[in-house]
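Presented below is the structure to which this report refers.
Every chain is numbered from 1 and lettered A, B, ... according to where its sequence line falls, protein lines coming before strand lines. When reading the values below, keep in mind they use all heavy atoms of this one structure, side chains included, and skip hydrogens, waters and symmetry mates.
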Amino acid sequence: MKIRVKFGKEGALCYIGHLDVLRTFQKIFRRAEIPMAYSKGFSPHPIMSFALPLGLGLSSEGEYLDAELDLESGQSSLFPPEHSASFEAIKGLRRELMERLVRATSVELPVYDLRFLPEKCENAMASVGRALYGLNLNQTWTSPLEQAGKSLLERESIPVEKKTKTRSLEMDLRPCIYRMSFHQNRLILELSAGSRANVKPEAVWELLLWEANLPENLSPLSIRRLDLMTESGLSLGEVGEEVPYV
Amino acid sequence: MRKLALSEKILNTVEKPARYVGGEMNAVIKDKEAVALRFAFCFPDVYEIAMGNLGLQILYDQFNARPDVWCERVYSPWPDLDKILREEQIPLFALESQDPINTFDFLGITLQYEMCYTNVLQVLDLGRIPLLARDRGEGDPLVIGGGPCTYNPEPLADFFDLFYIGEGEVSYNALFDLYIQMKQEGAGRQAFLQAATSIPGIYVPSLYEASYHPDGTLAAFTPLNSQVPKKVRRVIVKDMNTCAYPERPIVPYLRPVQDRVTLEIMRGCIRGCRFCQAGMVYRPVRERDKDSLMAIAGHALKNSGYDEISLSSLSSSDHSQIAPLVTELMEMCSRNRVNISLPSLRIDAFSLDVMSKVQDVKKSSLTFAPEAGTQRLRNVINKGLSEEDILRGSALAFHGGWTKVKFYFMLGLPTETEEDMRGIPALCQQVASLFFDEIPKEERKGKIQITASSSFFVPKPFTPFQWAKMEKKEEYLRRAHLVKDTFRAQPNARCLHYEYHDADVTVLEGVLARGDRRMGAVIRRAYELGALFDAWNEFFDDHRWQQAFADCQLDPDFYTLRERDENELFPWDFIDIGVTKKFLRREWERAMEGLVTPNCREKCSGCGAASYGCGICFEGGSQSPSPVTADAVPPSPASGRGRER
């Protein structure tokens with residue numbers, strides 16, 4: 001049985017790297033006594049994958065992980081829903097899983113939601129196409145940045161140089177920006193994310209500074225990831241069902 | 001949300017910022033206004049090393065169980081943050097509250113190895129606490145030291161207000177009660193320190209005075225007033241089964257060196273190896289029984305979510321219930337997909353059977369710690385592990401499919417000759433030959449790999465070798481090179497690998513281990529010259545220390561190259577560990593005659609630990625304690641101890 005868990009990163013957790021968060025979730029499932037399914041092979045490990053690693057130092061309220069549970073083995077007090085199970089019984093299982101996860105985690109790694117995924121569902125990592133960020137700004141920069149944002153969005157293409165470890169590539173940033181809007185001291189960015197084209201909010205920020213003629217060492221007060229979406233803009237949290245397909 | 005002591009900018013600059021933010025699962029947050037005493041527990045090394053320490057977890061749990069006490073943690077900032085804290089003048093802070101440590105009532109520092117001494121000064125310095133105890137005033141925290149190095153606390157005497165000698169479970173409650181009471185009464189720092197000397201295990205260095213003979217040896221060590229005890233007796237837990245154990249260990253986000261539940265199955269060791277300080281200072285052996293261990297293991301695994309558990313003790317095979325314990329643990333763990341790691345198990349049919357079930361035979365290696373290359377020298381050090389034991393254990397292992405074997409040796413042991421040195425490669429060669437003899441070509445599942453590593457012996461206080469002399473660095477290297485060359489000349493040299501430890505560090509460790517109060521100035525000078533993280537090869541620089549010795553006009557050779565006289569007063573003699581100096585001297589003499597002393601279970605040798613009235617000394621019948629001077633050489637006990645370092 002596959003589930004998708006939506007969670008956040010706050011406070012100290014912003015400084016915990018991706019692999020450590022993965023190891024932490026393995027422990028959370030153990031503490032919650034929710035049995036995971038294990039990979040086959042020489043060194044079996046729990047089957048779990050994350051949608052998109054979050055850069056160190058960023059907080060988030062829209063992270064996702066997919067996990068495969070093993071409720072069939074009878075190792076726990078949890079049981080898989082039977083085909084004839086009532087809607088209420090299945091909702092009860094979801095509630096029980098949520099309660100256990102919430103009890104087993106800490107306030108700085110909050111678990112918000114849990115959904116059952118259909119068997120053939122694309123995993124979170126493969127389905128990520130966009131990410132939504134909120135940047136908190138210092139008031140004095142807001143208006144020049146807003147101007148700069150407008151002029152950027154009016155262009156047909158924004159060629160930038162993207163450096164990789166071995167070489168640098170030319171790419172067009174314009175189609176990667178789905179949304180750039182200012183709300184008082186907050187900048188909302190909706191950007192391409194995932195394996196096809198991944199644009200970090202810091203890259204757009206640099207571009208804005210340059211366009212606004214602001215010193216390049218300015219940084220936003222904070223950057224927060226708000227959600228992850230598919231290519232077509234559907235939140236990863238909307239995929240799947242509150243009740244499993246049975 | 002908790003406030004953090006470091007800005008986002010700094011946290012985004014430093015390596016592994018998770019070291020400094022706290023907030024781990026099972027970390028304890030309290031209301032600082034609601035507690036009477038705040039304790040900062042420091043392990044003076046980097047986070048990942050420190051968080052693997054069991055003692056810290058035990059005391060953290062115990063202190064925080066008191067509603068009137070809040071215990072937090074603080075570790076050495078890595079050199080990158082160290083630099084930033086100095087430049088930006090940010091005081092060192094505790095992880096939980098992120099408050100500066102100089103606002104605490106106590107700073108407790110655990111001293112696990114000598115090479116962390118400059119890090120102690122780093123923590124005080126960055127914490128804005130005066131380095132010297134005598135410069136501290138009413139507002140400063142009381143700095144208390146504990147852990148294995150307090151069995152000779154004298155090199156650090158200048159920097160600590162108190163030392164705690166013995167097992168932490170025993171006297172801290174009394175110390176905290178006294179502190180809270182005297183604080184409420186408005187008593188001053190000096191009055192508290194004086195009163196604290198009445199608590200068992202507490203040593204206040206400023207209330208003692210050392211004087212020296214013209215030749216530099218200690219002449220007298222005397223309390224400054226009559227209320228201060230002449231001797232400080234180590235305190236120990238009498239019954240391990242009634243003593244609390246952390247069932248909610250802190251679970252770090254960053255991977256610590258010990259990323260698992262540690263299950264301490266017993267304290268002490270029956271073996272009596274003559275070089276081993278732990279084997280003497282933790283006597284007598286006290287076990288936790290199987291049922292209590294199973295309950296602890298179950299709770300700790302459930303509350304932490306760890307997928308591995310490790311048995312911890314000095315020699316796990318000597319636990320009287322080891323077989324049923326391991327069998328039950330294996331049942332519980334395989335149900336829950338938890339791995340078991342079994343360091344310090346003697347290699348025999350039982351342990352090999354267990355290990356083949358809990359680990360991947362092809363990947364894992366077996367470890368023997370013969371410590372010396374010849375039987376003669378093994379008798380000198382009382383290491384009851386014979387060549388036959390090693391060969392028998394290896395043969396069993398080879399038939400079981402293992403192809404990797406590790407050996408631990410020491411060079412520079414008392415009475416060592418070139419024959420003993422050459423015995424190291426010879427023994428390894430014998431094991432390699434055994435593989436080729438025992439396992440037919442078609443059944444060999446991989447190449448045999450034998451790795452031998454040697455450290456240089458450092459005499460430690462409260463061991464029978466506390467009188468021994470050390471060698472110069474050049475002599476250590478000569479011996480290591482001789483061993484290396486002999487390895488190269490072996491017929492199966494290609495399967496044999498040899499590595500040896502750093503000799504500079506060994507000599508310094510020797511000075512610090514048996515040093516006296518005069519060493520304080522040297523440690524401080526070395527710190528001023530930039531010494532820090534000396535336990536890390538990449539940071540250790542012997543030149544700074546040599547400079548510090550020269551600047552302080554102290555000769556390191558005085559502490560290392562001298563065989564101490566039978567009647568010499570040692571700086572640590574004011575500590576009473578139960579085991580008597582008379583027994584240690586008798587063991588030294590037996591060592592010089594190559595006589596083996598039986599282990600505690602075979603026969604009591606009257607070491608003095610029975611004065612604690614507990615543990616193996618009272619396990620019954622014919623083994624009851626007696627002031628024996630055994631003359632006959634008993635059969636050497638079979639013990640191929642594997643161990644993890």
Pick from B:Asn12, B:Leu254, B:Leu11 with the largest number of heavy-atom pairs that fall under 4.5 Å of chain A:
B:Leu11
Contact winner vs chain A - B:Asp307, B:Val338, B:Leu301, heavy-atom pairs under 4.5 Å:
B:Asp307
Chain A heavy atoms under 4.5 Å from [X]: which part of the residue, side chain, backbone, both or neither?
| X | value |
| --- | --- |
| B:Arg19 | neither |
| B:Leu4 | side chain |
| B:Asn303 | backbone |
| B:Asn26 | neither |

Using a strict 4.0 Å threshold on nitrogen-to-oxygen distance, state whether [X] and [Y] make a salt bridge.
| X | Y | value |
| --- | --- | --- |
| B:Arg335 | B:Glu331 | no |
| B:Glu72 | B:Lys32 | no |
| B:Glu48 | B:Arg255 | no |
| A:Glu61 | A:Arg224 | yes |

Checking side-chain polar atoms at under 3.5 Å, does A:Ser222 have a donor or acceptor matched by the opposite partner on A:Asn136?
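Looking only at side-chain atoms, A:Asn136 and A:Ser222 do form a donor-acceptor pair, the distance falling under 3.5 Å.
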Side chain from CB out, backbone as N, CA, C, O: work out which of these in [X] comes under 4.5 Å of a heavy atom of chain B, or both, or neither.
| X | value |
| --- | --- |
| A:Ala32 | neither |
| A:Ser106 | both |
| A:Thr105 | backbone |
| A:Pro44 | side chain |

So, is the end of the B:Arg260 side chain (NZ or CZ) under 6.0 Å from the ring centre of B:Tyr306 and within 45° of the ring's axis?
no
Step by step, work out the side chain to side chain contact (heavy atoms under 4.5 Å, CB included) result for A:Arg94 and A:Leu114.
CA-CA 7 Å; A:Arg94 174 175 173 271; A:Leu114 179 151; 4.1 Å; yes
With a 6.0 Å cut-off on ring centres, are B:Trp78 and B:Tyr47 close enough?
no
When heavy-atom pairs shorter than 4.5 Å are enumerated against chain B, which of A:Val21, A:Leu13, A:Ile28 gives the highest number?
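Counting heavy-atom pairs under 4.5 Å, the top option is A:Leu13.
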